[in-house]
Amino acid sequence: MEIRIEKTQNPKEKRDEKSLGFGQVFTDHMFVMDYTPEKGWYDARIIPFQNFSIHPASTVLHYGSEIFEGLKAYRAADGSIRLFRPYENAKRLNSSAERLCLPQLPEEYFIEALKTLILLDQDWVPSSEGTSLYIRPFLFGNDETLGVHTVHHATFAVILSPSGSYYKEGINPVKIMIEDQDVRAVRGGTGYTKCGGNYAASNRAGQRAEEKGYSQVLWLDGVHRKYIEEVGAMNVMFKIAGKIVTPALTGSILPGITRKSCIEILKHEGFEVEERLLSVEELENAMKDGTLEEAWGCGTAAVVSPIGELMYKDEVFTVCGGKIGEVTKMLYDRLTGIQWGKIADPYGWTMTIA
Ligand SMILES: *Cc1c(COP(=O)(O)O)cnc(C)c1O
């Protein structure tokens with residue numbers, strides 16, 4: 001893949017790393033590439049960060065043909081820049097693309113686009129404790145017609161956003177509400193893909209939870225409203241009577257890379273991990289009889305997020321005394337240790353790019 005590079009004439013001023021927040025600041029450049037069935041992927045380019053100009057009838061604006069990925073570049077103590085399992089993101093993007101009839105993107109193009117863009121904007125990778133460069137690759141249908149058909153023209157782009165520490169005030173367990181009205185996804189639908197539409201469908205429940213003072217919802221399956229699926233936009237894990245239980249990937253659940261990494265670490269540490277259906281009744285019983293020892297969400301943004309309280313049908317349960325549990329803490333330390341290069345990476349998960 002040949003990448004044309006047009007450098008910015010007006011580099012932006014960098015913000016103080018303490019005030020970065022999440023997804024608000026963007027680097028100087030972006031990667032863009034277009035697709036048609038005749039040409040395949042063409043015109044790979046890195047250009048100054050700028051607005052898109054798209055046709056008002058563009059497919060993405062009407063029929064929601066959009067998928068994305070999310071990963072981070074980390075600055076290690078020695079100054080090097082590392083990615084965490086980026087091929088997993090490349091594979092998942094293609095799995096999402098297949099479901100939405102968007103074109104496949106060769107994995108090497110994905111990796112090269114990321115590497116080249118990050119190298120050009122490497123001064124934007126922050127180095128303070130807990131900070132990282134959030135990477136947002138996305139792919140959307142871009143036909144200039146209102147006709148409903150599979151996508152012919154598509155665009156793949158990558159933008160970069162230096163982001164602050166997720167846990168500025170330390171890792172505080174969150175309050176979660178079990179959602180029994182809205183569902184996020186159904187089997188046969190798009191739950192296992194990272195598509196924008198899943199997020200749009202999640203907003204109402206998330207908003208209602210916030211109004212009640214909860215930070216997110218715990219999703220139940222769309223058919224029986226019985227089996228636990230995910231927490232907000234994270235996968236979820238429980239420690240019940242010494243064993244780790246996490247919902248099996250049945251098609252409506254997003255196959256998280258953090259989830260996969262947690263499972264590998266847990267098995268490596270000798271824990272029994274069960275990927276299976278977990279009903280809300282079973283969880284309720286475990287909360288009542290005290291066998292629910294820990295609960296946490298896991299995803300790229302937070303890494304792990306301990307759950308300190310669960311509300312189900314107006315009944316409130318405290319989890320792990322409202323504190324972070326031992327296993328949750330171990331996973332957090334292990335994953336962030338590997339990502340920031342503070343401890344050895346026995347799994348070969350990190351890719352040093354600079
Ligand atoms: C992205 C995402 C996750 C977490 O995936 P990671 O690869 O671990 O970041 C979990 N659930 C949903 C719905 C997601 O969109």
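Each ligand, and each atom within it, is numbered from 1 in the order the structure gives.
Using a 30° and 60° split on the angle between ring planes, H224 and Y227 fall in the perpendicular class, above 60°. The aromatic rings of F26 and F49 sit parallel to each other, their planes meeting at less than 30°, with 60° as the upper class boundary.
Residues with a heavy atom under 4.0 Å from ligand 1: R92, R184, K194, Y199, E230, A233, M234, N235, L254, G256, I257, T258, G299, T300.
Applying the side-chain contact (heavy atoms from CB on, under 4.5 Å) test to R187 and every residue at least two apart in sequence or in another chain returns T250. Every residue two or more places apart in sequence or in another chain that forms a side-chain contact (heavy atoms from CB on, under 4.5 Å) with E169 is listed here: N172.
In terms of modelled atom types and a separation under 3.5 Å, the side chain of H55 and the main chain of A57 share a donor-acceptor contact.
Identified under the side chain to side chain donor-acceptor pair (under 3.5 Å) test for residues 44-54, with sequence neighbours left out: D34-R45, D43-R45.
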